[in-house]
S.K.: 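Have a look at this one before I ask anything.
As the structure lists them, so they are numbered: ligands from 1, and atoms in each ligand from 1.
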Amino acid sequence: MTSSKAEILTADDLSSAVEAICRGDVVGLPTETVYGLAGNAFDASAVTKIFSTKERPSFDPLIVHVASSLMSVSSLSAAGIINGKAMSPGMVGIFESLAKTFWPGPLTMIVPKHEKISDLVTSGLDRVGVRMPAHPTAQKLLEKCRVPLAAPSANRFGRISPTTAQHVMEELGDKISYIIDGGPCDIGVESTVVAIDDNKVWLLRPGKIAIDELKQAVNVPIERAPSIHEKASPGMLASHYAPKKPMYVVSDIDNPPALLQTKSFDLLVTAGDPEGSLKQLAAKGLKPSSTVALSRSSDPAEAAKGLFAAMRALDRSSGQVMIATTTPSEEGLWLAIADRLRRASTMS
Ligand code: TXA
Ligand code: MG
């Protein structure tokens with residue numbers, strides 16, 4: 001742990017970050033989804049450092065990020081990341097079709113791991129999550145380091161994922177030496193995570209790449225993982241991405257929860273003009289301390305991009321609790337937003 005604050009680097013000069021990765025240290029890294037906390041995936045002490053810096057329990061496996069040259073099963077096997085020999089032809093076909101369609105990009109695929117990837121990375125599972133990030137700065141660091149980078153989101157465990165370098169500073173600035181500033185993340189929610197079977201794809205975590213898009217890329221069933229399968233994705237704990245104050249997702253703002261009679265609150269409007277919600281609340285004599293509207297035009301890409309920053313801002317506002325309106329649908333990217341809101345919310 002360092003007593004001073006992390007130094008912010010830019011893509012122009014990554015030399016300090018490259019040196020840090022080479023000596024087994026961890027750095028804050030921009031990706032197109034959220035910021036990651038990156039370390040050499042082949043270095044057990046770097047991986048241990050990722051877990052301790054995040055205060056993440058060891059049962060929650062890390063995603064391994066790879067350079068854009070590693071598109072095929074054979075190249076990823078030769079690089080010591082996945083085990084192509086343990087993959088059936090069906091699995092290889094699905095993997096390569098999805099890689100061809102969505103990489104580099106916000107898709108993580110869970111496949112058999114190479115023995116060079118330690119059990120620490122995968123939390124003892126025999127499969128590893130692999131993702132080829134699209135952010136040019138992430139790719140630049142991968143090329144310069146010449147090792148795959150294990151990187152979870154750069155937040156303290158269970159808290160809101162960071163989508164700017166400043167968020168990483170707030171979360172981990174006193175624990176790491178460098179944060180690379182790549183600007184605000186374009187997508188704003190974490191990658192779609194899928195487990196690849198011989199003739200089926202399991203959706204473990206919804207993200208920017210939606211079920212319909214996956215279906216168009218591969219001619220096999222895409223299924224949302226049932227709870228039994230969720231054991232294979234131990235990180236999908238019900239409570240996650242959580243603000244410090246209690247948060248409630250409200251489907252009918254005209255019928256607000258009773259606790260608003262006694263508690264001050266902040267309001268997150270996921271879609272549409274907030275005036276309607278504010279009027280309905282005012283009719284009940286209720287007024288939020290602060291309001292953020294994610295997308296007045298109900299555009300899910302805009303809503304996703306601003307979601308975590310809005311949750312952080314409202315967490316700092318004076319309301320005792322946070323109220324979020326439900327998404328207008330659970331189609332496409334709205335499913336990922338609805339999933340994050342559910343996990344952030346206080347279970348009653
Ligand atoms: O967009 C993203 O994926 C970001 C950026 C930094 O790339 N990373 C990220 O990592 O969200 P993290 O650690 O916060 O979430 C990884 C998720 C967890 O739910 C974890 O349980 C699951 O992926 N996962 C990783 N490896 C797995 C494996 N071998 N089997 C099943 N699930 C796995
Ligand atoms: Mg995370």
Side-chain angles (χ1 to χ4, degrees), residues 26-39 41 47 50-51 53-66 81-83 102-114 117-135 137-139 141-142 148-163 165 167-168 171-172 179-180 182 185-197 202-209 225 228-242 304 308 336 339-340 343-344:
V26 296
V27 303
L29 176 73
T31 84
E32 69 278 25
T33 55
V34 300
Y35 274 70
L37 180 66
V47 173
I50 292 173
F51 280 97
T53 304
K54 268 193 70 128
E55 297 161 43
R56 178 173 173 124
S58 59
F59 62 75
D60 191 0
L62 306 180
I63 293 173
V64 174
H65 297 69
V66 301
I81 297 163
I82 73 174
N83 180 5
F102 300 112
W103 277 6
L107 180 70
T108 298
M109 290 190 265
I110 313 273
V111 287
K113 79 172 186 73
H114 195 283
I117 296 290
S118 80
D119 284 344
L120 287 171
V121 173
T122 62
S123 304
L125 299 169
D126 57 6
R127 290 183 165 219
V128 61
V130 192
R131 162 161 129 77
M132 185 186 286
H135 197 294
T137 308
Q139 279 302 331
L141 188 69
L142 282 160
L149 294 173
S153 50
N155 50 284
R156 290 179 195 233
F157 183 69
R159 302 251 315 124
I160 303 168
S161 294
T163 51
H167 296 164
V168 183
E171 291 284 322
L172 304 171
I179 299 167
I180 305 169
C185 300
D186 266 352
I187 295 171
V189 292
E190 303 82 350
S191 60
T192 303
V193 179
V194 294
I196 313 291
D197 268 1
W202 297 95
L203 178 68
L204 302 188
R205 178 173 74 182
K208 170 89 169 72
I209 294 168
I228 181 106
H229 210 89
E230 277 189 355
K231 288 200 182 116
S233 188
M236 294 303 285
L237 298 174
S239 174
H240 221 103
Y241 318 104
F308 290 145
D339 170 76
R340 302 313 187 269
R343 289 177 200 282

S.K.: Looking only at distances, please establish whether an N/O atom of ligand 1 is found under 3.5 Å from an N/O atom of Ser153.
M.R.: yes
S.K.: OH/Tyr35 to SG/Cys185 distance, rounded to the nearest 0.5 angstrom?
M.R.: 5.5 Å
S.K.: Has the side chain of His65 got a donor or acceptor atom that lies under 3.5 Å from a matching backbone atom of Met132?
M.R.: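 Side chain of His65 to backbone of Met132: no pair is present.
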S.K.: With atoms numbered from 1 as shown, which atoms in ligand 1 lie under 4.0 angstrom from a non-hydrogen atom of Thr33?
M.R.: 1 (O), 2 (C), 4 (C), 5 (C)
S.K.: Test of understanding: given a 4.0 Å heavy-atom threshold, classify the contact between Lys113 and ligand 1 as side chain, backbone, both, or neither.
M.R.: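 Under 4.0 Å from ligand 1, Lys113 contributes no heavy atoms.
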S.K.: How far does CD1 of Ile50 sit from CG of Leu120, to the nearest 0.5 angstrom?
M.R.: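 With rounding to 0.5 Å, CD1 (Ile50) is 10.0 Å from CG (Leu120).
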S.K.: Could an N or O of ligand 1 be found under 3.5 Å from any N or O of Glu190, whether backbone or side chain?
M.R.: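 In this structure, Glu190 places no N or O atom under 3.5 Å from an N or O of ligand 1.
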S.K.: Mind checking whether the Mg ion (ligand 2) has an N, O or S of Ser161 under 2.8 Å?
M.R.: no
S.K.: Numbering the atoms of ligand 1 from 1, which are under 4.0 Å from a heavy atom of His65?
M.R.: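 What qualifies from ligand 1 is 5 (C), 6 (C), 7 (O).
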S.K.: Between Leu29 and ligand 1, find which residue part has any heavy-atom pair under 4.0 Å and reply side chain, backbone, both or neither.
M.R.: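 For Leu29, there is no contact with ligand 1 at all, from either part.
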S.K.: Under a 3.5 Å distance rule, please check whether Arg127 uses its side chain to pair with a backbone N or O of Ile196 as donor and acceptor.
M.R.: yes
S.K.: Which of the atoms of ligand 1 are close to Arg127, meaning less than 4.0 Å from one of its heavy atoms?
M.R.: 29 (N)
S.K.: Mind checking what makes side-chain contact (heavy atoms from CB on, under 4.5 Å) contact with Ala138, not counting sequence neighbours?
M.R.: Leu29, Pro133, His135
S.K.: Salt-bridged, Glu190 to Lys208, with N to O below 4.0 Å?
M.R.: no
S.K.: Between ligand 1 and Tyr35, is the shortest N or O to N or O distance under 3.5 Å?
M.R.: no
S.K.: Side chain of Glu171, backbone of Arg156: donor and acceptor closer than 3.5 Å?
M.R.: yes
S.K.: With sequence neighbours left out, write down each residue that passes side-chain contact (heavy atoms from CB on, under 4.5 Å) with Asp119, or none if nothing qualifies.
M.R.: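 Applying side-chain contact (heavy atoms from CB on, under 4.5 Å) to Asp119 gives Lys113, Thr122.
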S.K.: Under a 3.5 Å distance rule, please check whether Arg131 uses its side chain to pair with a backbone N or O of Ser191 as donor and acceptor.
M.R.: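 Judged by distance alone, no pair lies under 3.5 Å.
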S.K.: Pick whichever of Pro152, Ala150, Gly129 has a heavy atom sitting closest to atom 10 (O) of ligand 1.
M.R.: Pro152
S.K.: Looking at ligand 1, does any of its N/O atoms fall within less than 3.5 Å of an N/O of Thr31?
M.R.: no
S.K.: So, is Thr122 polar-close to ligand 1, with some N/O to N/O distance under 3.5 Å?
M.R.: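 Such a contact does not occur with ligand 1.
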S.K.: Which option out of Cys185, Pro61, Pro133, Ala151 puts a heavy atom nearest to atom 24 (N) of ligand 1?
M.R.: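 Checking each option, the heavy atom nearest atom 24 (N) of ligand 1 is found in Pro61.
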S.K.: Enumerate the atoms of ligand 1 whose separation from the nearest heavy atom of Ser191 is less than 4.0 angstrom.
M.R.: 1 (O), 2 (C), 3 (O)
S.K.: With heavy atoms under 4.0 Å as the rule, classify the contact between Arg56 and ligand 1 as side chain, backbone, both or neither.
M.R.: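 For Arg56, the contact with ligand 1 is made by the side chain alone.
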S.K.: Go through ligand 1 atom by atom and flag the ones less than 4.0 Å from a non-hydrogen atom of Asp60.
M.R.: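 Answer, ordered by atom number: 18 (C), 20 (C), 21 (O).
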S.K.: Show me which atoms of ligand 1 lie under 4.0 Å from any heavy atom of Leu62.
M.R.: 26 (N)
S.K.: Atoms of ligand 1 less than 4.0 Å from Gly36 heavy atoms?
M.R.: 6 (C)
S.K.: Got Thr108 and Val194 here, is their nearest side-chain heavy-atom distance under 4.5 Å?
M.R.: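 Heavy-atom side-chain distance check fails, nothing below 4.5 Å.
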S.K.: With no hydrogens and no angle check, is any side-chain donor or acceptor of Glu55 less than 3.5 Å from a backbone partner on Phe157?
M.R.: no
